[in-house]
Q: 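One structure, as structure tokens, below. Some questions next.
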Amino acid sequence: MEGLISLKTTPRIAFSALNQRPNKSSIVRSVPTSVMDAHRRNGIAFTPIRAQQSETKDGAATIPPVKEDAETALKVKEWEVGMFHNEVAASQGIRIRRRPLTGPPLHYVGPFEFRIQNEGNTPRNILEEIIWHKDVEVSQLKERRPLFTLKKALENAPPTRDFVGALRAAHQRTGLPGLIAEVKKASPSRGILREDFDPVEIARAYEKGGAACLSVLTDEKYFKGSFENLEAIRSAGVKCPLLCKEFIVDAWQIYYARTKGADAVLLIAAVLPDLDIKYMTKICKMLGLAALVEVHDEREMDRVLGIEGIELIGINNRNLETFKVDISNTKRLLEGERGKIIRQKDIIVVGESGLFTPDDIAYVQEAGVKAVLVGESIVKQSDPGKGITGLFGKDISV
Ligand SMILES: O=P(O)(O)OC[C@@H](O)[C@@H](O)c1c[nH]c2ccccc12
């Protein structure tokens, strides 16, 4: 795994902007030291290996000509912003990096080369791999559907449905956690869950079986979901509010989800720094969407409890970095002071993943959840509606 990867630092932007050649000291100063510090903290070694300078006859160093190219400058800038993002995220305990570390492509090399000793362009775990893939996917999609076209489409969009209200009502009606039933064909940890997968049929069966809300996976590569599924369910007359189950890394995706019929979106605290969560929950409010903010450990829970205006927190019992499932995670995160704050703020907590039996439901309810998010155990049943009855140990549709 360990490999030597060249990190190309590119001090040229600043110089070309000033239209002047760098001298040696300015080159050194312009290397993004904050980025290097962040990597050092992460145990990544930087070693300057070769100055790409040539010597003139009298021994003075010359710098190769700088190619002034706006596109190059933009790419490099984007990369620098990505590095800055990783640094902020790391300071909040977020281990998922938004982009690979390898930097701009080879021909953007500036006068210095740096070498980092780690697997900088290899994702450390599946969540990181998904996020890197999503980052590229979103930047391509954005080019085809720029934000202003989405905003235009939303001018005539039908109103959203009340996702949080539906969960509260279901909880009051049944005395059990409100169910968010997930339309899920596959996952990286479990493979294909259901071969004969008709999303609309499954959604209808869930609604009939008493689900309060539905969750529809839209990631294609890793979960075999799609935005077409979300749209199809929405236009088939299903009344349950719909959660767009997507890996959101860019606010553009929230607008996109809304144009495809979502009533709620997922924001993953293991991926998004506090500022992103704040900004994105504001956008959700503006668009009439609920935000389900997902946490999976104490640190993420504490970060999210520190953010104003959060109504819905999901505790994922599956660690998205290791796939390990442990439903006692829900209990642990709701104990003591944290549970107290949640009750004071009247936040609805959703127990997510790994719930299969009435005992599992009773266990997370006892821990303090008012809602659950369930996929595998019900989507696998030949009649997913009856699967709900099996999960709760009783018919919750009446
Ligand atoms: O199929 P399960 O174990 O019942 O889990 C459902 C849901 O919690 C899970 O799909 C999930 C929770 N958080 C996520 C984030 C992304 C993708 C998927 C998920």
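These numbers come from a predicted model, not from an experiment. Every number for a ligand or one of its atoms is a count from 1 in the order of the listing. Numbering starts at 1 and runs along the sequence shown.
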Q: Identify, by atom number and element, the atoms of ligand 1 in contact range of Glu352, meaning under 4.0 Å from any of its heavy atoms.
A: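 Atoms satisfying the 4.0 Å criterion: 8 (O), 12 (C), 13 (N).
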
Q: Using distance alone, determine whether Gly354 and ligand 1 share an N or O pair under 3.5 Å.
A: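 It does: an N or O of Gly354 is found under 3.5 Å from an N or O of ligand 1.
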
Q: Please state which part of Arg318 comes within less than 4.0 Å of ligand 1, counting heavy atoms only: side chain, backbone, both or neither.
A: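 Looking at Arg318 and ligand 1, just side chain atoms fall under 4.0 Å.
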
Q: Hey, mind stepping through Leu292 and Leu267 against side-chain contact (heavy atoms from CB on, under 4.5 Å) and telling me if it holds?
A: CA-CA 6 Å; Leu292 174 60; Leu267 303 176; over 6 Å; no

Q: Mind checking whether Tyr255 and Phe148 have ring centres under 6.0 Å apart?
A: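 No, the ring of Tyr255 stays outside the 6.0 Å limit from the ring of Phe148, centre to centre.
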
Q: Among protein heavy atoms, which lies nearest atom 13 (N) of ligand 1, and at what distance?
A: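 Ranked first by proximity to atom 13 (N) of ligand 1 is Glu294 OE1, 2.7 Å.
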
Q: Any idea which part of Glu376 is under 4.0 Å from ligand 1, heavy-atom wise: side chain, backbone, both or neither?
A: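 It is both parts that get close, each with some atom under 4.0 Å.
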
Q: Please write down residue, atom name and distance for the protein heavy atom closest to atom 8 (O) of ligand 1.
A: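 In this structure, atom 8 (O) of ligand 1 has Ser353 OG, 2.7 Å as its nearest protein heavy atom.
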
Q: Return yes if some donor-acceptor pair links the side-chain N/O of Glu294 with the main-chain N/O of Leu266 below 3.5 Å, else return no.
A: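 Between the backbone of Leu266 and the side chain of Glu294 there is no qualifying donor-acceptor contact (under 3.5 Å).
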
Q: Under 4.0 Å between a Lys/Arg side-chain N and an Asp/Glu carboxylate O for Arg234 and Glu231?
A: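 No salt bridge links Arg234 with Glu231.
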
Q: Of all the atoms in ligand 1, which lie at a distance below 4.0 Å from a heavy atom belonging to Phe247?
A: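 Those of ligand 1 that fall under 4.0 Å from Phe247 are 16 (C), 17 (C).
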
Q: Please state which protein non-hydrogen atom is closest to atom 6 (C) of ligand 1 and give its distance, to 0.1 Å?
A: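 Nearest protein contact, heavy atoms only, for atom 6 (C) of ligand 1 is Glu182 OE2, 3.5 Å.
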
Q: What protein heavy atom is closest to atom 17 (C) of ligand 1, reported as residue, atom name and distance in Å?
A: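 Nearest protein contact, heavy atoms only, for atom 17 (C) of ligand 1 is Phe223 CZ, 3.5 Å.
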
Q: Do the charged groups of Arg332 and Glu298 touch, with an N to O distance under 4.0 Å?
A: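 The answer is yes: the pair qualifies as a salt bridge.
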
Q: Considering distance alone, does some N or O of Gly375 sit under 3.5 Å from an N or O of ligand 1?
A: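 For ligand 1, there is an N or O atom that lies under 3.5 Å from one belonging to Gly375.
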
Q: Considering only protein heavy atoms, which is closest to atom 19 (C) of ligand 1, and at what distance to one decimal place?
A: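 Checking every protein heavy atom, the shortest distance to atom 19 (C) of ligand 1 gives Lys245 NZ, 2.9 Å.
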
Q: Do Glu352 and Asn317 come close enough that some side-chain heavy atom pair is under 4.5 Å?
A: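 They are not in contact (no side-chain heavy atoms under 4.5 Å apart), so the answer is no.
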
Q: Near Leu266, which atoms of ligand 1 are under 4.0 Å from a heavy atom of that residue?
A: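 Near Leu266, meaning under 4.0 Å from one of its heavy atoms, ligand 1 has 15 (C).
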
Q: Does ligand 1 have any atom sitting under 4.0 Å from a heavy atom of Ser377?
A: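 Flag not set, Ser377 not near ligand 1.
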
Q: With a 6.0 Å cut-off (strictly less than), is the heavy-atom count around CD of Glu335, excluding the residue itself, greater than 12?
A: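 Yes, enclosed.
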
Q: Determine whether the aromatic ring centres of Phe227 and Tyr256 lie less than 6.0 Å apart.
A: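 Ring centroids of Phe227 and Tyr256 are less than 6.0 Å from each other.
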
Q: What atoms of ligand 1 come within less than 4.0 Å of a heavy atom belonging to Val374?
A: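 Selected atoms, number and element: 4 (O).
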
Q: With a cutoff of 4.0 Å, is Phe356 in contact with ligand 1, counting heavy atoms of the residue only?
A: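 Outside the 4.0 Å threshold, so no.
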
Q: Identify whether the distance between the nearest side-chain nitrogen and carboxylate oxygen of Arg204 and Glu207 falls below 4.0 Å.
A: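 Looking at Arg204 and Glu207, the cut-off is not met.
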
Q: Check if Leu373 has a non-hydrogen atom at a distance under 4.0 Å from any atom of ligand 1.
A: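 It does; at least one heavy atom falls under 4.0 Å.
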
Q: For atom NZ of Lys345, is the number of surrounding heavy atoms from other residues, nucleotides or ligands below 6.0 Å larger than 12?
A: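 Enclosed: over 12 neighbouring heavy atoms sit under 6.0 Å from NZ of Lys345.
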
